[in-house]
Amino acid sequence: MIDTEIFKIDPENINGSAVARCAKIIKSGGLVAFPTETVYGLGADATDKTAAKKIYAAKGRPSDNPLIIHVARPEDAERYAYTCELYYRLAEAFMPGPLTVILKKRDIVPDEVTGGLDSVAVRCPSHAVARELIKAADVAIAAPSANLSGSPSPTCAEHVAGDMSGRIDAIIDGGICEIGLESTIVKIDGESVTMLRPGGITVDALRCVCEHVEIASAVTEALGENERPLSPGMKYRHYAPSAQLVLLDGKDSDVTEFFLNAQKNENCALICYSEELSVLDGRKVIDVGARDDLASQAQRLFGALREADGFGADVIYAHLPKQEGLGLALYNRLIRAAAHTVKKI
Ligand code: AMP
Ligand code: MG
């Protein structure tokens, strides 16, 4: 067991000496969990293979699932990867922010970070604390989400502490993550991009910068048995609560009716919309925001999955999201958390 130090750092009023102490931990090969605008990351020096290995050990992450490296400025990618004109167009539009771009890696990035691939995932976060930490460390920070492998990503420091206390050197508590879902990941192929994971940057937003945007089939479909994923992370079960998650495909009014009936026979919970609370009063339900407020649903989804587990239910039901706009990212996370279990009602 490691003694995990907690640093509370207000993004609006950053305590430089606390950031400096955390940067020192990173530079000396340690692990620091830190807030970003997407989810909390579990950071280590991206050029240090021993530190990278510690990330996999702390998370219980399969070693072929590569890490995203975080840079303070888009142009810092040059030190770690071979960029191109389209990278800078994407950077101009979306960085700093929730976009990760896969590029060919330079030798400075060890295989331990990229899972042996010759490409590396680069992101420039917009969260003030993340940026200060990277600047102070003066090196890219490799960071997957700061949860135990397979469980929902952490969107506040309490989630991180629940999973990682005793396993890492420090946690920076910088409050709640604004977006709540991991970054959009794209791979550049000449003048086209392929979206490997949907996130805060939507397909429509990408299309404003790049004419040809494809969506990898694994974003919405289960991988075939012998199919090789474009992104190794696609093949693992993810984001899952302990209880079985079942997505309900039907009209909203049918979802609440189904749940009210199901409750008579089974120990179940529902992740619902705010408008539904009045008919579900007093039951095991978690509200993720208004029906049309996809930003709120994104921000609260992972917390809701963790909270739903707190009910001790055998089954957690949730609405099957529409695959439009930010809904595509919600759909992708939920479908995988549910291991593609969808019930038509
Ligand atoms: P996480 O760090 O938990 O947000 O997961 C990072 C995701 O980025 C995983 O799904 C990885 O498979 C994906 N990823 C990282 N590096 C690469 C790469 N070089 N090529 C394709 N996907 C990558
Ligand atoms: Mg993750």
Side-chain angles (χ1 to χ4, degrees), residues 31 33-44 46 52 54-56 58-71 77 80-83 87 98-106 108-123 125 127 130 140-155 159-160 163-164 177 179-189 193-201 214-219 223 227-241 298 301-302 305-306 329 332-333 335-337:
L31 301 186
F34 62 98
T36 81
E37 70 278 19
T38 59
V39 301
Y40 272 72
L42 176 55
K54 285 191 202 165
I55 290 183
Y56 289 92
K59 280 182 62 85
R61 181 173 173 108
S63 64
D64 69 344
N65 192 2
L67 309 176
I68 294 172
I69 71 166
H70 295 70
V71 294
Y80 308 95
Y82 296 91
T83 63
Y87 168 78
L99 180 72
T100 296
V101 182
I102 311 287
L103 299 166
K104 188 170 165 22
K105 86 172 187 78
R106 290 189 193 268
I108 190 174
V109 184
D111 283 345
E112 284 73 6
V113 166
T114 64
L117 298 175
D118 63 359
S119 56
V120 61
V122 181
R123 172 164 122 75
H127 195 288
I141 297 183
S145 48
N147 51 291
L148 289 172
S149 195
S151 69
S153 296
T155 51
H159 297 162
V160 180
D163 278 15
M164 289 295 160
C177 299
I179 296 175
L181 298 178
E182 304 86 343
S183 58
T184 298
I185 303 182
V186 297
K187 192 174 166 57
I188 296 180
D189 300 301
V193 305
T194 305
M195 180 189 269
L196 305 183
R197 178 174 76 187
I201 306 294
E214 265 192 56
I215 304 171
S217 61
V219 165
L223 275 177
E227 200 177 338
R228 200 170 143 260
L230 289 171
S231 175
M234 287 171 170
K235 67 176 181 259
Y236 296 109
R237 182 161 186 251
H238 247 95
Y239 320 118
L301 176 67
F302 286 138
L305 290 174
R306 284 177 185 260
N332 168 267
R333 302 312 188 276
I335 200 92
R336 302 186 64 197

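One-based numbering, in listed order, for ligands and for the atoms of each.
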**Study point:** Contact atoms of ligand 1, heavy-atom distance to Ile185 under 4.0 Å
**Key:** 7 (C), 8 (O), 13 (C)

Review point. So, is Asn147 placed with an N/O/S atom under 2.8 Å from the Mg ion (ligand 2), counting both backbone and side chain?
Key: no

Review point. Just which atoms of ligand 1 are under 4.0 Å from any heavy atom in Leu117?
Key: 18 (C), 19 (N), 20 (N)

Practice item. For Ser119, counting its heavy atoms only, list the atoms of ligand 1 lying under 4.0 Å from any of them. Key: 18 (C), 19 (N), 20 (N)

Review point. Which atoms of ligand 1 are found less than 4.0 Å from any heavy atom of Pro144?
Key: 2 (O)

Practice item. For Arg197 and ligand 1, answer yes if some heavy atom of the residue is under 4.0 Å from a ligand atom, otherwise no. Key: yes

Practice item. Please work out whether any backbone atom (N, CA, C, O) or any side-chain heavy atom from C-beta onward of Val39 is under 4.0 Å from ligand 1, and answer side chain, backbone, both or neither. Key: neither

Check your understanding: Is the shortest distance from a Lys or Arg side-chain nitrogen in Glu182 or Arg123 to a carboxylate oxygen in the other one below 4.0 Å?
Key -> no

Check your understanding: Is there a heavy atom in Thr114 that sits closer than 4.0 Å to ligand 1?
Key -> no

Exercise for review: Any atoms of ligand 1 less than 4.0 Å from a non-hydrogen atom of Ser145? List them with their elements.
Suggested key: 1 (P), 2 (O), 3 (O)

Study note, to complete from the structure: Separation between CG (Asp163) and CG (Leu42), nearest 0.5 Å, reads 10.5 Å

**Study point:** Check against side-chain contact (heavy atoms from CB on, under 4.5 Å), Asn147 and His159
**Key:** CA-CA 8 Å; Asn147 51 291; His159 297 162; over 6 Å; no

**Study point:** Flag for Ser153-Arg333: side-chain donor and acceptor within less than 3.5 Å
**Key:** no

Check your understanding: Within the side chain of Arg61, is there an N or O that forms a donor-acceptor pair under 3.5 Å with the backbone of Ile55?
Key -> no

Review point. Between atom CG of Asp111 and atom NZ of Lys105, what is the distance when rounded to the nearest 0.5 Å?
Key: 5.0 Å

Revision key, fill the gap. Honestly, for Arg61 the part within reach of ligand 1 (heavy atoms, under 4.0 Å) is side chain

Review point. Is there a donor in the side chain of Arg197 and an acceptor in the side chain of Thr100, or the other way round, less than 3.5 Å apart?
Key: no

